[in-house]
Every structure is written in structure tokens, then in C-alpha cells.
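Worksheet: the structure to be examined is printed underneath.
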Protein chains: 2
Amino acid sequence: MNIRELALRSGVSTATVSRALNDRAEVSEATRDRIRRLASELGYAPNEPARTLVRRRSDTIGLVWDTGYETLGFQHPFLQGLLSAVRNALSEADYHLMLLTTSGPGDADTTYLQAVRRHNLEGVVVLGTPADNRALRALAASDVPCSGIDVALSGPRTVRVTSDNAAGAAAAVEHLYAQGHRRIATVTGPLYLPPAAERLAGFRQACARLGLDVPPEYVVTGDFFLNSGQDAVRTLLATEQPPTAVFAAGDQMAIGALHAAADAGLSVPGDLAIVGFDDIDAASLVRPALTTVAQDQRALGSAAVKALRGLLDADPAEPAEPWIVPTRLVVRASSRPGA
Amino acid sequence: MNIRELALRSGVSTATVSRALNDRAEVSEATRDRIRRLASELGYAPNEPARTLVRRRSDTIGLVWDTGYETLGFQHPFLQGLLSAVRNALSEADYHLMLLTTSGPGDADTTYLQAVRRHNLEGVVVLGTPADNRALRALAASDVPCSGIDVALSGPRTVRVTSDNAAGAAAAVEHLYAQGHRRIATVTGPLYLPPAAERLAGFRQACARLGLDVPPEYVVTGDFFLNSGQDAVRTLLATEQPPTAVFAAGDQMAIGALHAAADAGLSVPGDLAIVGFDDIDAASLVRPALTTVAQDQRALGSAAVKALRGLLDADPAEPAEPWIVPTRLVVRASSRPGA
DNA sequence: CTGAAAGCGCTTACAG
DNA sequence: CTGAAAGCGCTTACAG
């Protein structure tokens with residue numbers, strides 16, 4: 001069933017069918033309704049490749065989801081929910097979604113860009129990928145609109161979407177302060193990563209605002225993985241004036257902190273309160289359940305899509321402002337004295 | 001840059017360019033090499049929609065990833081890794097991947113099927129979706145080849161890919177037996193789900209083989225979520241002859257079991273050994289770290305792709321055999337006495 | 001081994 | 001408001 005058959009059956013030309021189906025103003029209401037009814041009766045579905053060919057646009061967005069082959073390094077703890085959110089936001093905006101890959105470990109040079117050209121993709125959303133790969137750099141440097149969630153893409157038509165890391169960290173500190181804590185330490189992520197740096201900045205600002213002293217030994221650098229959190233808290237507990245609360249800039253590190261506290265015979269939150277960041281699945285599974293700064297995956301996904309659409313309409317000359325998405329503090333047992 | 005320009009620059013016809021780029025036998029080696037070199041110099045990328053239009057095939061596979069809008073119910077604990085695996089396997093086989101959605105909560109009738117027709121998709125991989133939705137049923141019932149990972153699709157050209165649940169459960173029992181346990185209980189998933197039923201069957205078979213008695217109260221039905229595991233173990237510990245080991249058919253339930261043991265003042269694995277299934281992230285984050293039957297996500301992904309390709313070539317009349325992927329027991333502290 | 005031509009299924013000026 | 005015609009960028013019999 002193609003448009004010609006449908007035209008024959010409706011007794012009009014293919015041009016009229018096309019106009020009816022695409023809701024063009026020129027077609028009379030009666031004809032339009034008749035054709036549409038017939039189309040859905042016959043189960044007619046327009047051939048998208050043909051439409052793309054002639055319209056020179058595909059209504060399709062590409063998705064870069066990780067660095068291809070075997071990079072385990074830094075992975076978003078919640079890529080899954082993020083992907084759903086992006087998918088939903090995109091389909092609400094009537095876009096299709098194509099998953100992009102670099103074909104293999106080696107030749108990953110302009111593969112993303114090639115895919116974009118080949119399929120007439122209108123833009124790309126980049127999720128939780130280390131930005132240091134050639135294919136991605138080439139893509140960002142091109143004129144293809146790219147929206148990166150927690151990825152700082154550098155290029156003429158790129159935009160970054162991120163949680164409000166600073167405000168989230170500050171909320172964690174304020175919460176601990178409200179519980180009576182005055183000696184609050186932090187375990188950071190690798191500071192060359194923007195989210196890690198921003199969370200630390202938010203931590204410092206909040207402490208300053210509240211008049212809390214942050215001795216240098218209260219800031220320990222981790223790597224977002226469990227062991228680094230455990231080591232960091234071990235170190236913190238060995239200081240002369242150990243903290244009574246720790247803000248870990250990622251949930252895995254916070255869980256490591258939980259383990260270190262247990263190893264030291266400390267009760268959480270009684271002897272040491274702990275707050276994480278992200279709200280990964282494990283945060284609500286461990287014991288005590290982890291208080292954490294939750295990222296709003298759905299909002300991130302829809303912001304990424306909105307940001308991308310902004311890019312599509314915008315003047316390419318003007319750099320796009322980053323989109324900052326609010327976080328939400330989820331208080332659980334690891335910081336709640338009453339628990 | 002399109003094929004006409006490239007043809008002009010190479011001094012041959014578009015037909016010859018097409019043949020060279022598609023590696024047809026009729027073209028002379030010299031011409032082919034010259035054209036290919038020029039193409040990559042000029043950064044020529046063929047227009048896929050145009051190719052799809054004329055070839056009537058898109059080299060693209062669709063992916064159904066969940067039931068669209070807001071179904072939280074049963075979610076694969078590791079959809080993320082699975083998706084990467086499918087993506088990699090597909091791109092190795094030179095297929096592109098399109099993410100499919102039902103447009104919204106209501107009108108999800110033939111949306112998947114429509115998308116397949118519109119985009120000329122050659123098949124669909126279905127991941128961790130409750131199969132009880134109309135769009136998916138319509139898709140499975142059609143002549144579109146569908147490969148479901150842990151989803152039993154019913155239709156003429158469908159195939160199921162799944163972990164070897166029975167063998168995995170049996171391996172868990174054998175491991176516990178080898179540690180000296182003779183009173184082993186299980187917490188199952190909802191038994192209308194094939195994986196849950198198969199894990200229980202494997203558990204029973206292994207017990208029978210080893211001559212272990214399984215009193216009825218040693219089989220408790222859960223729902224794959226944490227609380228049900230916790231409740232189940234509470235119940236088990238209240239029996240006259242409490243088990244010394246528990247096999248939980250999912251990691252979340254196993255973590256719940258850990259909590260129940262802790263609540264009862266029991267040490268794990270000393271007083272109660274616990275083994276889970278899946279190897280979700282949290283399994284290695286909790287304490288004691290969880291012994292579990294790991295599903296091989298990469299193998300599942302590539303099996304899904306192979307199964308789908310098998311379907312593409314196969315005689316539609318013959319029902320496809322399910323693909324069964326081996327699991328791997330990951331021994332951690334929750335069952336290792338020495339730990 | 002190569003080229004001229006037809007055609008894949010649509011959309012969109014252009015003319016009426 | 002509608003139709004005839006051109007054309008989007010490719011591939012593939014067909015002829016040579």
C-alpha cells in the first residue's frame with residue numbers, strides 16, 4: 001500500500017493525498033477527512049525514507065550513548081532512566097531516535113558525523129560519554145546541533161545540559177547543618193570533570209554561607225567509585241578533628257563511606273552522617289538507606305531535547321546557554337537521626 | 001556532495017560509482033580503488049534514505065525497550081548493559097538501530113508495527129518489556145521478525161532469548177551444597193514470569209539430584225523487589241527448621257534477605273548464606289557483597305541479534321528454537337565462609 | 001567492464 | 001481547492 005494506491009482508491013491525485021495527510025491548509029476539509037479515514041482503514045503508512053529524501057529532513061535525532069567498545073571508565077550511574085526520558089521527550093516532539101555507534105575501537109574517526117550525514121539526522125543528544133574521543137570531537141566541531149547531558153562538548157552548535165550540581169551540593173550541606181552538624185567533610189569526584197568541580201564549589205559556598213570552617217583535610221578527592229569513598233572516610237576518621245558528617249559527591253563513594261564507618265565501628269547516622277549524590281538504585285537498597293541528592297532524569301531528558309530544539313532554531317553565531325536542571329534532596333536513614 | 005558530483009569528479013557514471021562503493025564484482029579493481037579513494041577524500045557519504053528507497057531495505061533494526069509511558073512494574077535490572085550489548089552486536093553486523101516508542105499512554109495500538117512499516121525496519125529486538133501491551137502483541141502477531149530477550153512473544157516469526165535460568169539456579173544450589181549446606185530454601189519471583197518459573201524448576205531439580213529435601217515452607221514466592229525478599233526470609237527464619245542457606249531468584253530480593261538476616265542478628269554467611277540472581281550493580285556494593293548468578297549481558301545481546309538474523313533467513317513456517325545463554329556464578333562474601 | 005535510463009515513494013512549486 | 005510534472009539520491013536490470 002503506497003500513496004499511489006491510496007490516491008486511486010480515493011479518486012484524487014497523489015498530491016492531494018499527500019496534502020491531506022500532511023495537514024496542509026489548501027486541502028478542503030471534506031476531502032481531507034475522507035482521505036484520512038481511508039488511509040487508516042487501509043493501514044496506510046507513509047514511507048519515511050521517501051519523505052526524507054524529498055523533504056531533506058528526517059525528523060530523526062541521533063543518540064550517542066557511550067564511547068563504543070570497551071570504555072568502562074566514567075559511566076553515568078543512571079543512563080537507563082536518562083535514555084527513557086530522552087526517548088519520551090523526543091517522541092513527544094515527534095522525532096525519531098537513532099542510536100549511533102563508533103564501528104569499532106580503532107577507526108572511530110568521523111563515524112558519528114558520517115552517520116549524521118548519511119541519515120540526514122537533524123541533531124544529536126550525547127549521554128554520559130567521556131568527551132575525549134575523536135569521533136565525538138569531530139561531531140561537536142561540525143555544524144551539527146549537539147546537546148550533551150553532563151558532557152561539555154566544544155563546538156559552534158553545542159549546548160550542555162546538567163543538573164544544578166552546586167545547588168544540590170549546597171542542599172546537602174544545609175540539610176546536614178540543620179541536623180546540627182558543624183564539622184562537615186566532602187569526598188569529591190575527579191576535579192577535571194565539571195560535575196565534580198561544581199559539586200565541590202557548591203559545598204564550599206554553602207559552608208561559607210553558614211560560617212562553617214572547611215580545613216583542607218576535609219576535602220578529599222575520590223574517583224566516583226566505591227573504594228575511593230571508603231578510603232577517603234578512613235582518612236577523614238584519622239584526622240585530629242574527624243568530621244561528624246560527610247558529603248560524598250557520588251552515591252558509590254557514599255556507599256564506600258558507609259562501609260568505612262562500619263569498619264571503624266561507627267554507627268550511621270549517629271556517629272557519622274552521610275549524604276551522597278545521584279540516587280542510583282543501590283542508594284535505597286543499602287543499609288542504612290542513603291540520603292542523597294537525586295538528579296531528575298526526566299527533567300534532564302526533556303531539557304536535552306528542548307535545548308537541542310533551541311539550537312535548531314537559533315542563530316548559529318550565538319553560543320547557547322547551558323540548561324541547568326534542579327535536583328532534589330532525598331532524605332533517608334543515613335542522615336536522619338530519628339531513623 | 002552526492003553521487004552525481006562524485007561521478008563527475010571521477011569521470012565515470014553514477015552507476016559505476018555506485019558499483020564501486022557497493023563492492024560489486026563487475027567493476028574493475030583500478031576504477032574501484034580510485035573512486036573509493038576520492039570518495040573518502042571528499043568525505044562523501046551515501047544518502048541512506050535514498051538507498052533504502054530503491055533497495056527496499058534499510059539495514060535497520062528497531063528496538064522496543066519498554067512499554068512506553070509509565071510502566072514501572074517489572075524492569076530488567078540491567079537493561080543498560082543489555083542495550084549496549086545489542087547495539088554493539090548490531091553494529092558489528094552492519095545494522096543501524098532505531099528506538100521505537102508508543103506515542104503515548106492511550107493510542108498505543110499498532111504503533112510499533114506502523115513504525116516498522118514506515119521505516120522499512122527489517123526486524124525488532126524487544127528488551128525487558130511486559131509483553132502484555134497491545135502494540136507489542138500486534139507487532140509479534142505480524143510477519144515482522146522479532147527477537148525478545150526474556151520476553152515471550154507469540155507470533156509466527158518470533159524467537160525468545162534467555163539466560164539459562166534453570167542451570168543458573170542449579171549452580172547456586174550446588175555451590176551452597178559444596179559449602180556444606182543441606183537445608184536450602186528459595187525465594188522465587190512471580191511464577192507466571194518464565195524466568196521465575198525456570199529458576200524455581202532448576203532449584204528443585206538440583207535439590208533432587210543432590211538428595212536434598214525441599215519442604216513446602218522452603219519455597220516462598222516473592223515479587224523480585226527488596227521487601228519481598230526481606231519478608232520471605234523473616235518467614236523462613238520462623239519455621240521449625242530454618243534453612244542455613246537461601247537462594248533468592250533476584251538480587252533485590254537477595255539484598256532484602258541480607259537485611260532480614262541482619263535484623264535477626266544472624267551473620268552472613270556464618271549463620272545464613274545467601275545467593276542472588278542477575279548481578280545488578282548493587283550486588284557488589286552491599287555488605288557482605290552478594291554471591292549471585294550473573295547473566296551474561298553481552299552474550300544475551302549478541303544472541304538476540306543472531307536469533308533475529310536467523311529469523312530473517314529462516315523458513316517462516318518453522319517455529320524458531322529459543323536461544324539459551326549460559327550464566328556464571330560469581331562467588332562473593334555472602335556465601336563464602338572464609339570471607 | 002561501463003553507461004543511459006527507469007524507477008523506488010514521496011512532496012512541492014507551478015498552473016489552473 | 002486540485003492535478004500534472006519534476007525531482008529528491010540512489011541502484012539495477014538492460015544493452016553494449
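Residue numbers start from 1 in every chain, and the chains themselves are labelled A, B, ... in the order their sequence lines are given, proteins ahead of strands. No hydrogens, no waters, no symmetry mates; every other heavy atom, side chains included, goes into these values.
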Going by atom types only, do T52(A) and N120(A) share a side-chain donor-acceptor pair under 3.5 Å?
-> no

side-chain contact (heavy atoms from CB on, under 4.5 Å) assessment of V305(B) paired with Y95(B) = CA-CA 10 Å; V305(B) 171; Y95(B) 280 102; 5.5 Å; no

Does any N or O in the side chain of N22(A) come within less than 3.5 Å of the main-chain N or O of R24(A), such that one atom is a donor and the other an acceptor?
-> no

Nearest heavy-atom approach of V151(A) to L127(A) is CG2-C, 4.4 Å

Donor-acceptor pair, side chain of S28(A) and main chain of T31(A), under 3.5 angstrom = yes

Can you check each nucleotide of nucleotides 6-16 of chain C against protein heavy atoms at under 4.0 Å and return B for base, S for sugar-phosphate only, - for none, in 5' to 3' order?
-> -BBBBBBB---

A correct dot-bracket answer for DNA chain C, with pairs being Watson-Crick or G-U at under 3.5 Å, [ ] for crossing pairs and | for inter-strand pairs, is |||.||||||||.|||

Approximate separation, where rounding is to 0.5 Å, of S10(A) OG and E5(A) CD = 10.5 Å

So, T162(A) versus W323(A): side-chain donor-acceptor pair below 3.5 Å or not?
-> no

Distance between the C1' atoms of dG16(D) and dT12(D), in whole angstroms?
-> 16 Å

Please identify each residue that fulfils side chain to side chain donor-acceptor pair (under 3.5 Å) with R117(A), with sequence neighbours left out.
-> D143(A)

Under the side chain to side chain contact (heavy atoms under 4.5 Å, CB included) rule, collect the residues that match up with T60(B), sequence neighbours excluded.
-> M98(A), S58(B), H96(B), M98(B), L121(B)

Using a cut-off of strictly less than 4.0 Å between a heavy atom of the residue and any atom of DNA chain D, enumerate the qualifying residues of residues 27-36 of chain B by number.
-> none

Pairs touching residues 46-57 of chain B that satisfy salt bridge (charged side-chain N to carboxylate O under 4.0 Å, His left out), sequence neighbours left out | R118(A)-E48(B), E48(B)-R51(B), R55(B)-D59(B), R57(B)-D59(B), R57(B)-E122(B)

